[in-house]
Amino acid sequence: MKTLERTGQADRVLLEDVDLTGMDLSGGRLTESRLRSVTLSDTDLSAASVLESDWERVSSPHLKAPRSTWRDVSIEGSRFGVAELYDAGISGLVLRGCKLDLVNLRNAVLTDVVFEHCTITELDISGARATRVRFSDCTIGTLEASGARLKDVDLRGAQLSRIVGLAGLKGAVISEEQLVELAPSLAQHLGLVVTG
C-alpha cells in the first residue's frame, strides 16, 4: 500500500477493504494484483496500466482513467458511477455482475471484452474501435455509437432501450427480436415514411 502511494505502482499485491479515495495513480501500474472491497472515489488512473488483475466489489462513484491500458482484467460485483475510459486501450476484459451508470469509451480501442449480467445506464462508444465484444444478459439504457467501428460485436445478449448514432452499429450482431424493436429508430434514421 505504501509503495503504491509513493510510486503509483504495485505488483502482485492484495488490496482488501482499502479506501484509495483521491489517490493519484496517474501513469502508474497495477500488475497481477487483486482488489477486494476497495473504494476508488476520485482516484486518478489517467494513463495508468492495469494488467492481469482481478477486481471484486470495487466501488467508484467517479473513476478517472482516460488513456489507460487494461489487459487481462476481471471485474466482478462492482459499482461505478462515472467511468472515464475515453482513449483507453482495453483487451481481455471481463465485467461480470457490475452496475455502471455512465461509461465513457469514446475513441477507445476494445478487443476481446465481455459484459455479463451488467446493468449499464449509458454506454458511450462514439469513435471507438471494438473487436470481439460480447454482451450476455445485460441491460443498456442508452447506447451512443456515433462514428464507432465495430467488428464481431455481439449485442444479442443486451436489452437496448435507446440508441444514438445508429450508423455506428454497422458490423454488430443483433437478434431478430432486436431488429423488430429497432425498426422505428431505423425508419427514422433512414427518413422512411411508414404507413398502415
Exercise. Does a donor on one side chain and an acceptor on the other come within less than 3.5 Å for Ser78 and Glu76?
Worked result: no
Point-to-point distance, once rounded to the nearest 0.5 Å, from [atom1] of [X] to [atom2] of [Y]:
X	Y	atom1	atom2	answer
Gln159	Asp137	CD	CG	9.5 Å
Lys64	Asp42	NZ	CG	5.0 Å
Ile140	Glu122	CD1	CD	11.0 Å
Leu30	Leu4	CG	CG	6.0 Å
Leu160	Ile174	CG	CD1	8.5 Å
Arg129	Arg149	CZ	CZ	5.5 Å

Under a 4.5 Å cut-off applied to non-hydrogen side-chain atoms, are [X] and [Y] in contact?
X	Y	answer
Leu25	Thr43	yes
Met23	Asp44	no
Thr142	Val164	yes
Asp17	Ser37	yes
Leu93	Ile75	yes
Val133	Asp154	no

Indicate if [X] and [Y] have the same hydrophobic cluster label, given that clusters are the connected sets of ILVMFWY residues with side-chain heavy-atom separations under 4.5 angstrom.
X	Y	result
Val180	Leu169	no
Val114	Ile120	no
Val82	Phe80	no
Val109	Leu123	no
Ile90	Tyr86	no

Might you point out which heavy atoms bring [X] and [Y] nearest each other, and give the distance in Å?
X	Y	value
Ala172	Leu150	CB-CD1, 4.0 Å
Ala108	Leu85	CB-O, 3.9 Å
Arg96	Ser74	NH1-OG, 4.3 Å

Backbone of [Y] reached by a side-chain donor or acceptor of [X] within 3.5 Å:
X	Y	value
Ser126	Asp124	no
Thr69	Gly89	no
Ser60	Leu40	yes
Glu84	His62	no
Ser26	Ser46	no
Ser33	Thr31	yes
Gln178	Leu155	yes
Ser53	Leu51	yes

For this session: In sequence, state the C-alpha distance, the side-chain angles, and the governing distance for Ser175 and Arg156, and then conclude on side-chain hydrogen bond (donor to acceptor under 3.5 Å, both in side chains).
Result: CA-CA 5 Å; Ser175 66; Arg156 289 175 295 179; over 6 Å; no
Does [X] pair with [Y] as a salt bridge, N-O distance under 4.0 Å?
X	Y	value
Arg79	Asp101	yes
Arg134	Asp152	no
Arg67	Asp87	no

Problem set entry | salt bridge (charged side-chain N to carboxylate O under 4.0 Å, His left out) assessment of Asp11 paired with Arg29 | CA-CA 8 Å; Asp11 298 324; Arg29 186 187 73 235; 2.9 Å; yes
For this session: Would you check, one step at a time, whether the test side-chain hydrogen bond (donor to acceptor under 3.5 Å, both in side chains) holds for Ser146 with Glu144?
Result: CA-CA 6 Å; Ser146 301; Glu144 167 67 71; 2.5 Å; yes
Exercise. Which one of Val58, Leu15, Leu45 satisfies the side chain to side chain contact (heavy atoms under 4.5 Å, CB included) criterion with Leu20?
Worked result: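 Considering Val58, Leu15, Leu45, a side chain to side chain contact (heavy atoms under 4.5 Å, CB included) with Leu20 is found only for Leu15.
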Problem set entry | Aromatic plane relationship, Trp70 with Trp55 - under 30° parallel, 30 to 60° tilted, over 60° perpendicular |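 Plane angle over 60°, so perpendicular.
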For this session: Please say whether more than 12 non-hydrogen atoms of neighbouring residues, nucleotides or ligands are located less than 6.0 Å from CD in Glu52.
Result: yes
For this session: Apply side-chain contact (heavy atoms from CB on, under 4.5 Å) to the pair Asp112 and Ser91, showing each step before the final yes or no.
Result: CA-CA 6 Å; Asp112 297 315; Ser91 63; 5.7 Å; no
Exercise. Run the side-chain contact (heavy atoms from CB on, under 4.5 Å) check on Asp54 and Leu35 step by step: do they pass?
Worked result: CA-CA 6 Å; Asp54 295 310; Leu35 276 66; over 6 Å; no
For this session: Check step by step if side-chain contact (heavy atoms from CB on, under 4.5 Å) holds for Val18 and Thr39.
Result: CA-CA 6 Å; Val18 174; Thr39 299; over 6 Å; no
Problem set entry | Derivation and outcome, side-chain contact (heavy atoms from CB on, under 4.5 Å), residues Leu105 and Leu110 | CA-CA 9 Å; Leu105 286 164; Leu110 299 93; 3.9 Å; yes
